[in-house]
Structure formats: C-alpha cells, structure tokens
Number of protein chains: 2
Amino acid sequence: MTDHNALDSTPRRGRRPGASNTRPAILEAARARFASDGFAASTIRLIASDASVDASQVMQFYRSKDELFAAVMAIPPVALDRFSTAFEGPDEHLGERVVRAYLGAWEGEPEESEPLMAMLRGAIVNESASAQLRSFIEARLLEGTSGRADADAALRAGLASAMLVGIVTGRKIIGVPTLVAAGTDELVAMVGPAIQQILVP
Amino acid sequence: MTDHNALDSTPRRGRRPGASNTRPAILEAARARFASDGFAASTIRLIASDASVDASQVMQFYRSKDELFAAVMAIPPVALDRFSTAFEGPDEHLGERVVRAYLGAWEGEPEESEPLMAMLRGAIVNESASAQLRSFIEARLLEGTSGRADADAALRAGLASAMLVGIVTGRKIIGVPTLVAAGTDELVAMVGPAIQQILVP
DNA sequence: ACAGAAACTCAACGCTTGTTGAGAAACTAT
DNA sequence: ATAGTTTCTCAACAAGCGTTGAGTTTCTGT
C-alpha cells in the first residue's frame, strides 16, 4: 500500500542507487514468516511484501521457494553452542542445564529462536525441513553423547530432546494455557530432575 | 452410435443404484489424508479421489474444506478411555501406565491413531485444529488431576502430556531414527520413571 | 568512457486450488 | 404413476500460487 508519490525523485523502475541489502532482507522476512505461519501458508508474494520487494526478486536471489526455505534453515543457529556447553560439566545438574539450554534457545531473541521455530513448524509439512530438524537433533545428540560408552546413550539423549521439543511445541505453537502460564524457572525445577533421570540412569 | 453404449451396465452419470456409503467414505479418506499429509497438503480433489468420488460430492456433504476438517476432528477418539483409566489406580506405577497409554493411543490401529495424528499435524498450521488439540489435552488433564489438591497438578500433567506428545512427534512425524528404532517396552522402561517423577514429586 | 553484470519493476504464463451450478439417474414418498 | 428429494457427473469459475521473461536503471571492472 505504500506507493511512491509523484514528486519522488527515485525512479520507479530499474536498480536503485546505493548499496542493496535486499537479499538479507528477504531472508529475514522469510525466516519470520516461516516461523510464524509455517511453510505452506508463507507465500512468496507475502514474504516479498514483508521485505518491501517485488516477488520476482525473491526468485532471482533464491531460485525457488524450496531453496529459500533451505536458506532459512541453513542459518547456523546462534543457539548452537548453547547446546554443546549444556552437555559438558558434571553429571550432577546435567538435567537442569539441558532443560535451561533448550528453553532458552527457543524462547530467546527472535534471531535465535526463529530458525528453530521455522524448523519445527516446517518439519510437519516439508520433507526437507523434517530432514533438517532430524539432522540438527542428531548432531546435538552426538555432541551430547560423545565420551559416553552407553549403547543406549543416543536413545536417552534423543528421548530427552523429543520431550523438551514437545514442551516447546506445547508452549509456543499449540499454546496450552497451563504451559504458557508457567515461568521458565518453574519449568526447569519440574522438568530438570526428569530429564536428569532420562540422561543419567 | 457414438454416445450411449447400450451394453454399458453402469451409467456414468446420476445416482448409482443401491445404498450409498459415500459420506462415511469421504470422512475416512479425509481422516487418513489429514493425518498423513496435514491440512494444507490435503486437497479436496485428492481426498475425493481417495474415496473414489467426485470433488463436488465432498462439498455437498461437508460444506467446505474447513467443515470437513472439523468433522474429522469431531470424531470421538476411541483412545479416549485409555487416558482416563491410565491416571486411575495406585501412584506406584503411574508413570509407566501413562506412558504406555500415550504410546498405545498413537501407535495402535489407524482408526484410533489417525484422528490424533490429524490433530497433531493440523495443529501446526490450522488454528481450529490447534484449539481442538488444546481442548483435547486440557480435558485429559482435568480427568487426570481430578481428586488431587495440588495447585500445580495441572501443570505437571500438562508437562507430562507435552513431553509424551514430543516423543510421539519425534517417532511418527519427524522420524528421528534413534526413536523410531526403539521398541515400545524399551521406551516405557526409560520414560516411565521420568514421567512418574513429573507427576508424583 | 564503456561494456557487462547486477538489481529492480511489470506483466504475464500455466497450473492448482476451493467452490458452484446445471443436469442426469435412483431413491422415497403418496 | 407421479412428484420430490437425494446422490452423482461434468464443466466451469475466480482467485491465488510459483515462476518466467522482457525491459530499465545502477553498479563495477577495465
């Protein structure tokens, strides 16, 4: 709805003067859309409109909607090292640390949480997103279980991840009122011991 | 001699002889599609094709795609009493019983699990499905916490539900290999104590 | 200064979507 | 029988989708 007025000196067509940050703008708009609306409901035109850009620009930078999605997914989450450090250290408060790391990653700054939300929402309908989330979780699991000899350590880590993702889904996507109302510390206090029991039998 | 074939016994147009079970056939096809592909990817034409029916038939029985979806959701899950009985009984093996009830409900017969899968998949992209799943979970929570005085009993039950739904999501939707490979008994043995700890502090 | 690449707008394409209406055949009444 | 309702096929619609190509303007390298 923001049409340039007639007195505007900037031409209506052709390349605009100055440097262009259109490409990252598109990526950011796509990230936000995919995170909040999911893959199918996020149309190219809507994303382009969010970035104040023509739809065909999106196609020029990222060759298709799928590649745009892949680009959003490929963003190395800033939260990545949160996980790796969470599994290190003494076993005593392992559960608590892991729970806090997960909740923090999904509920922190948009820059940090949106790729994860997009992954989660996209994994339901988009096959590549599902594979992406799968490999993401698996990579975390390998970090977490490195140095342990347990045969089922991977399974235990996978269970813990799935349970924590379930809590995040309930809070951020489905919106179960009971979970939404709960504070982070309260959750950590309750879930920490349970996760501890899963990870360190 | 071009159009009507006198030898053709099955007419191509008009109502077919005999009783019609088209309406339930559509509902069943829709349930399966919504469960496996989610709301957006399940097109009316595809569902109609699954049910060997014209697309406009779907619109005649259920007035819109949204109402079709609502009809699928409205099916009272056979698994319903599984949950209510799981919370009853002594606290000793409560966690184990609840875990077994959840896994069984989502991994049993298609008739039993498909409405739940459709709910879960639909909750990501469809607002009404999200509300439906929310109220479904809340109803289970009320059953589970009835008779308990704890102020945070509802939160504990909600957490347990979310964690178990997370495990099911990892197994049936995202397909985390580690979780898929695990057997039900193995999962119950690992997760049972953790859920127990959540529910009975 | 000049050529080529890059950024941008605009208009359209082919396709699929949910949805509708006309009409044909079979059922259910009276 | 006759009328009316229900079930069904077929063809089309308006809208939205992802995508493409042509043309215009600016930047960049030489």
Side-chain angles (χ1 to χ4, degrees), chain A residues 1-6 8-27 29-30 33-34 37-72 122 125-128, chain B residues 2-6 8-27 29-30 33-34 37-72 122 125-126 128:
Chain A
M1 319 312 159
T2 63
D3 253 22
H4 295 309
N5 65 53
D8 203 334
S9 57
T10 60
R12 316 190 124 275
R13 331 217 325 169
R15 180 171 185 164
R16 297 211 202 91
S20 165
N21 68 330
T22 296
R23 196 186 161 99
I26 291 174
L27 195 65
R33 274 294 162 195
F34 283 140
D37 298 353
F39 179 80
S42 301
T43 69
I44 295 273
R45 291 169 217 261
L46 188 54
I47 291 171
S49 167
D50 287 347
S52 303
V53 153
D54 193 89
S56 58
Q57 283 277 83
V58 178
M59 305 299 298
Q60 189 163 342
F61 287 118
Y62 310 90
R63 294 161 40 89
S64 70
K65 187 185 180 182
D66 280 330
E67 284 194 31
L68 211 209
F69 190 80
V72 167
V125 287
N126 188 282
E127 184 52 40
S128 77
Chain B
T2 56
D3 284 346
H4 291 359
N5 187 348
D8 199 345
S9 56
T10 61
R12 315 195 118 275
R13 332 220 324 172
R15 179 172 185 167
R16 297 211 202 92
S20 166
N21 66 330
T22 296
R23 197 187 162 101
I26 291 175
L27 194 66
R33 274 293 160 197
F34 284 140
D37 299 353
F39 180 80
S42 301
T43 68
I44 294 275
R45 289 169 218 263
L46 188 55
I47 291 171
S49 167
D50 287 349
S52 304
V53 153
D54 193 89
S56 58
Q57 282 278 83
V58 177
M59 304 300 298
Q60 188 159 351
F61 286 118
Y62 310 89
R63 294 162 40 90
S64 70
K65 188 186 180 182
D66 280 330
E67 284 195 30
L68 212 207
F69 190 79
V72 167
V125 287
N126 188 284
S128 77

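Order of the sequence lines sets the chain letters (A, B, ...), proteins ahead of strands, with each chain counted from 1. In what follows, every heavy atom counts, from backbone to side chain, and hydrogens, waters and symmetry copies are set aside.
Distance OH (A:Y62) to P (D:dG18): 16 Å, rounded to an integer number of Å. Rounded to an integer number of Å, the gap from CG of A:L46 to C1' of D:dG16 is 12 Å. Taking atom CD1 of residue B:I26 and atom P of nucleotide D:dT9, one finds them 10 Å apart after rounding to whole Å. As rounded to whole Å, 14 Å separates atom C1' of D:dT19 from atom CD of A:Q57. We find that CZ of B:F61 is positioned 17 Å from P of D:dT5, with the value rounded to whole Å.
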Taking only N/O atoms, report every protein-nucleotides 18-21 of chain C pair under 3.5 Å with atom names and distance.
{"residue": "C:dG18", "atom": "OP1", "partner": "B:K65", "partner atom": "NZ", "Å": "3.1"}
{"residue": "C:dG18", "atom": "OP2", "partner": "B:I44", "partner atom": "N", "Å": "3.1"}
{"residue": "C:dG18", "atom": "N7", "partner": "B:R45", "partner atom": "NH2", "Å": "2.6"}
{"residue": "C:dG18", "atom": "O6", "partner": "B:R45", "partner atom": "NH2", "Å": "2.5"}
{"residue": "C:dT19", "atom": "OP2", "partner": "B:K65", "partner atom": "N", "Å": "2.9"}

Pairs under 3.5 angstrom, nitrogen or oxygen only, protein versus nucleotides 27-30 of chain D, please.
{"residue": "D:dC27", "atom": "OP1", "partner": "A:G18", "partner atom": "N", "Å": "2.5"}

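Using cut-offs of 30° and 60° for the angle between ring planes, the B:F39 and B:F34 rings count as parallel.
For the helix from C:dA1-D:dT30 to C:dT30-D:dA1, the rotation axes defined at the first and last 5 base pairs enclose an angle of 20°, given to the nearest 10°.
Taking B:S64 as the reference, nothing meets the side-chain hydrogen bond (donor to acceptor under 3.5 Å, both in side chains) condition, with sequence neighbours excluded. With sequence neighbours excluded, no residue forms a side-chain hydrogen bond (donor to acceptor under 3.5 Å, both in side chains) with A:T43. Residues meeting the side chain to side chain contact (heavy atoms under 4.5 Å, CB included) test with A:Q60, sequence neighbours left out: A:Q57.
When every heavy atom of B:T22 is checked against every heavy atom of B:F61, the shortest pair comes out as CG2-CE1, 3.7 Å. In terms of heavy-atom proximity, A:A48 sits nearest to A:A55 at CB-CA, 3.6 Å. Taking both residues in full, the closest heavy atoms of B:I26 and B:I47 are given as O-CG2, 4.0 Å, listed atom of the first, atom of the second, then distance.
Within the structure, the salt bridge (Lys or Arg N to Asp or Glu O under 4.0 Å) test picks out the following pairs touching residues 41-65 of chain A (sequence neighbours left out): A:R33-A:D50, A:R63-A:E67.
Listed nucleotides C:dA7, D:dT24, D:dT9 differ in distance to B:R13; the shortest reach to its side chain belongs to D:dT9.
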